Amino acid sequence: MHTATVIHGYKNGRKFGFPTANLRLDEEVQIAKGVYAVWVEVEDNTYKGMLYVGTRPTLSLSELTYEVHILDFQGSLYGKRLSFTIVQQIREEKSFPSVDELVAQLSRDREMVREVLK
Ligand SMILES: Cc1cc2nc3c(=O)[nH]c(=O)nc-3n(C[C@H](O)[C@H](O)[C@H](O)COP(=O)(O)O)c2cc1C
């Protein structure tokens with residue numbers, strides 16, 4: 001289980017239909033780059049989530065970021081505390097030829113997460 005503070009609101013990626021909470025982890029842990037099915041706990045509720053650890057190469061960015069998209073969640077998480085538990089890696093990080101292809105992959109990731117966490 002990892003604990004974190006949400007450092008950007010639940011807004012990044014909203015334009016793609018996949019808003020994410022950008023996380024600052026409490027502890028300096030090494031999580032290998034990739035996409036993971038996670039259980040997310042926030043404000044006494046538990047949600048299915050997909051955690052992304054990577055540098056967002058599709059957007060030509062290079063800073064290592066931790067982002068989580070929480071399934072079936074709406075609202076603002078900015079500044080809030082949450083914890084997550086990694087259940088399974090879904091795939092590796094990838095540089096997609098276009099944002100559309102990244103978004104298509106995110107839809108498949110979400111299906112996989114629902115399958116893994118059902
Ligand atoms: C579950 C998940 C998987 C992701 N996988 C990748 C990936 O493989 N490659 C990549 O470049 N970005 C990936 N991203 C990061 C997206 O590029 C980023 O969330 C999106 O572009 C929104 O960024 P922005 O609103 O900060 O611009 C992933 C994000 C999530 C939530």
Side-chain angles (χ1 to χ4, degrees):
M1 204 255 285
H2 302 283
T3 52
T5 300
V6 179
I7 54 172
H8 295 181
Y10 198 68
K11 62 182 182 356
N12 288 349
R14 183 185 284 167
K15 54 188 178 286
F16 309 142
F18 289 92
T20 62
N22 288 48
L23 306 177
R24 184 177 62 225
L25 302 193
D26 291 349
E27 287 168 16
E28 288 209 10
V29 284
Q30 298 290 329
I31 303 172
K33 288 181 193 174
V35 180
Y36 301 87
V38 295
W39 288 110
V40 181
E41 279 179 52
V42 56
E43 295 182 323
D44 295 329
N45 292 306
T46 304
Y47 301 92
K48 294 170 183 169
M50 43 189 191
L51 174 74
Y52 169 64
V53 181
T55 59
R56 293 175 290 184
T58 305
L59 307 179
S60 302
L61 298 171
S62 57
E63 190 193 344
L64 186 69
T65 55
Y66 297 82
E67 304 177 12
V68 66
H69 170 77
I70 304 175
L71 278 61
D72 308 315
F73 179 88
Q74 274 148 17
S76 172
L77 286 174
Y78 179 69
K80 289 188 179 157
R81 308 265 313 143
L82 60 74
S83 62
F84 62 88
T85 304
I86 293 174
V87 176
Q88 189 181 304
Q89 182 167 4
I90 299 295
R91 65 173 169 88
E92 313 240 298
E93 161 170 69
K94 212 182 140 187
S95 183
F96 292 89
S98 70
V99 169
D100 283 352
E101 283 163 79
L102 167 61
V103 173
Q105 180 62 51
L106 292 179
S107 294
R108 294 192 289 271
D109 294 341
R110 183 168 52 193
E111 291 318 303
M112 182 65 88
V113 167
R114 288 197 203 283
E115 195 59 34
V116 169
L117 298 181
K118 77 176 177 214

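We count residues from 1, following the sequence as given. Everything quoted here is computed from the prediction, not taken from an experiment.
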Engineer: How far does CG of Leu64 sit from NZ of Lys33, to the nearest 0.5 angstrom?
Structural biologist: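 Leu64 atom CG to Lys33 atom NZ measures 6.5 Å (nearest 0.5 Å).
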Engineer: Please lay out, stage by stage, how Arg56 and Glu67 fare under the test side-chain contact (heavy atoms from CB on, under 4.5 Å).
Structural biologist: CA-CA 10 Å; Arg56 293 175 290 184; Glu67 304 177 12; 3.1 Å; yes
Engineer: Would you say that more than 12 heavy atoms from the other residues, nucleotides or ligands in this model lie under 6.0 Å from the CZ of Arg24, or not?
Structural biologist: no
Engineer: Answer yes or no: is there a side-chain heavy-atom contact under 4.5 Å between Val53 and Glu93?
Structural biologist: no
Engineer: State, with a plain yes or no, whether a side-chain heavy atom of Leu117 is found less than 4.5 Å away from one of Leu71.
Structural biologist: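 No, every pair of side-chain atoms sits at 4.5 Å or beyond.
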Engineer: Please check if atom CD in Glu111 has more than 12 non-hydrogen atoms from other residues, nucleotides or ligands closer than 6.0 Å.
Structural biologist: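 Atom CD in Glu111 is packed in, count exceeds 12.
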Engineer: Under 4.5 Å between any side-chain heavy atoms of His2 and Glu27, yes or no?
Structural biologist: no
Engineer: Lys80 versus Glu43: any side-chain heavy-atom pair under 4.5 Å?
Structural biologist: yes
Engineer: Spell out, yes or no, whether Val29 and Leu51 are grouped together once hydrophobic residues are joined by side-chain heavy atoms under 4.5 Å, including indirect joins.
Structural biologist: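 Per the 4.5 Å side-chain linkage, Val29 and Leu51 are co-clustered.
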Engineer: Kindly determine whether Gln105 and Arg91 satisfy side-chain contact (heavy atoms from CB on, under 4.5 Å), including the steps that lead there.
Structural biologist: CA-CA 10 Å; Gln105 180 62 51; Arg91 65 173 169 88; 3.4 Å; yes
Engineer: Ile90 vs Arg108, test: side-chain contact (heavy atoms from CB on, under 4.5 Å). Steps then yes/no.
Structural biologist: CA-CA 10 Å; Ile90 299 295; Arg108 294 192 289 271; over 6 Å; no
Engineer: Show the nearest heavy-atom pair for residues Thr5 and Gly79, with the distance to one decimal.
Structural biologist: CG2-O, 4.0 Å
Engineer: If hydrophobic clusters are built from ILVMFWY residues whose side chains come within less than 4.5 Å, do Ile7 and Val68 share one?
Structural biologist: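 No; tracing contacts between hydrophobic side chains, which count when under 4.5 Å, never links both residues.
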Engineer: Quick one: salt bridge (Lys or Arg N to Asp or Glu O under 4.0 Å) partners of Asp44, sequence neighbours excluded?
Structural biologist: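 Counting only residues at least two positions away or on another chain, Asp44 forms no salt bridge (Lys or Arg N to Asp or Glu O under 4.0 Å).
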Engineer: Could you pull out the closest heavy-atom pair between Leu77 and Ala21, with the gap in Å?
Structural biologist: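 Of all heavy-atom pairs spanning Leu77 and Ala21, the closest is CD1-CB, 4.3 Å.
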Engineer: What is the minimum heavy-atom distance between Ile31 and Ile86, and which atoms define it?
Structural biologist: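 That would be CG2-CD1, 3.9 Å.
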Engineer: Does one hydrophobic cluster hold both Ile70 and Tyr78, with members joined at side-chain heavy-atom distances below 4.5 Å?
Structural biologist: no
Engineer: What distance do Leu25 atom CG and Ser83 atom OG have between them, rounded to the nearest 0.5 Å?
Structural biologist: 11.5 Å
Engineer: Look at the side chain of Thr65 and the backbone N and O of Gly54, then say whether any donor-acceptor pair between them is shorter than 3.5 Å.
Structural biologist: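 Between the backbone of Gly54 and the side chain of Thr65 there is a qualifying donor-acceptor contact (under 3.5 Å).
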Engineer: Contact between Leu59 and Val99 at the side-chain level, heavy atoms closer than 4.5 Å - yes or no?
Structural biologist: yes
Engineer: Heavy-atom distance under 4.5 Å between the side chains of Lys94 and Val35, does that happen here?
Structural biologist: no
Engineer: Spell out, as yes or no, whether a donor-acceptor pair under 3.5 Å connects the side chain of Thr58 to the backbone of Phe96.
Structural biologist: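 Checked: pair present.
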Engineer: Supply the atom-to-atom distance Thr46 OG1 to Glu41 CD, rounded to the nearest 0.5 angstrom.
Structural biologist: 4.0 Å
Engineer: Which pairs pass ring-ring contact (aromatic ring centres under 6.0 Å, His included) with one or both residues in residues 46-75, sequence neighbours excluded?
Structural biologist: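 Only Tyr10-Phe73, Phe18-His69, Tyr47-Phe73 qualify under ring-ring contact (aromatic ring centres under 6.0 Å, His included).
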Engineer: Closest approach of Ala37 and Val116, non-hydrogen atoms and distance?
Structural biologist: CB-CG1, 4.0 Å
Engineer: Would you check if Trp39 and Lys48 make a side-chain contact, meaning some heavy-atom pair closer than 4.5 Å?
Structural biologist: yes
Engineer: Would you indicate whether the side-chain heavy atoms of Leu23 and Val6 approach each other to under 4.5 Å?
Structural biologist: yes
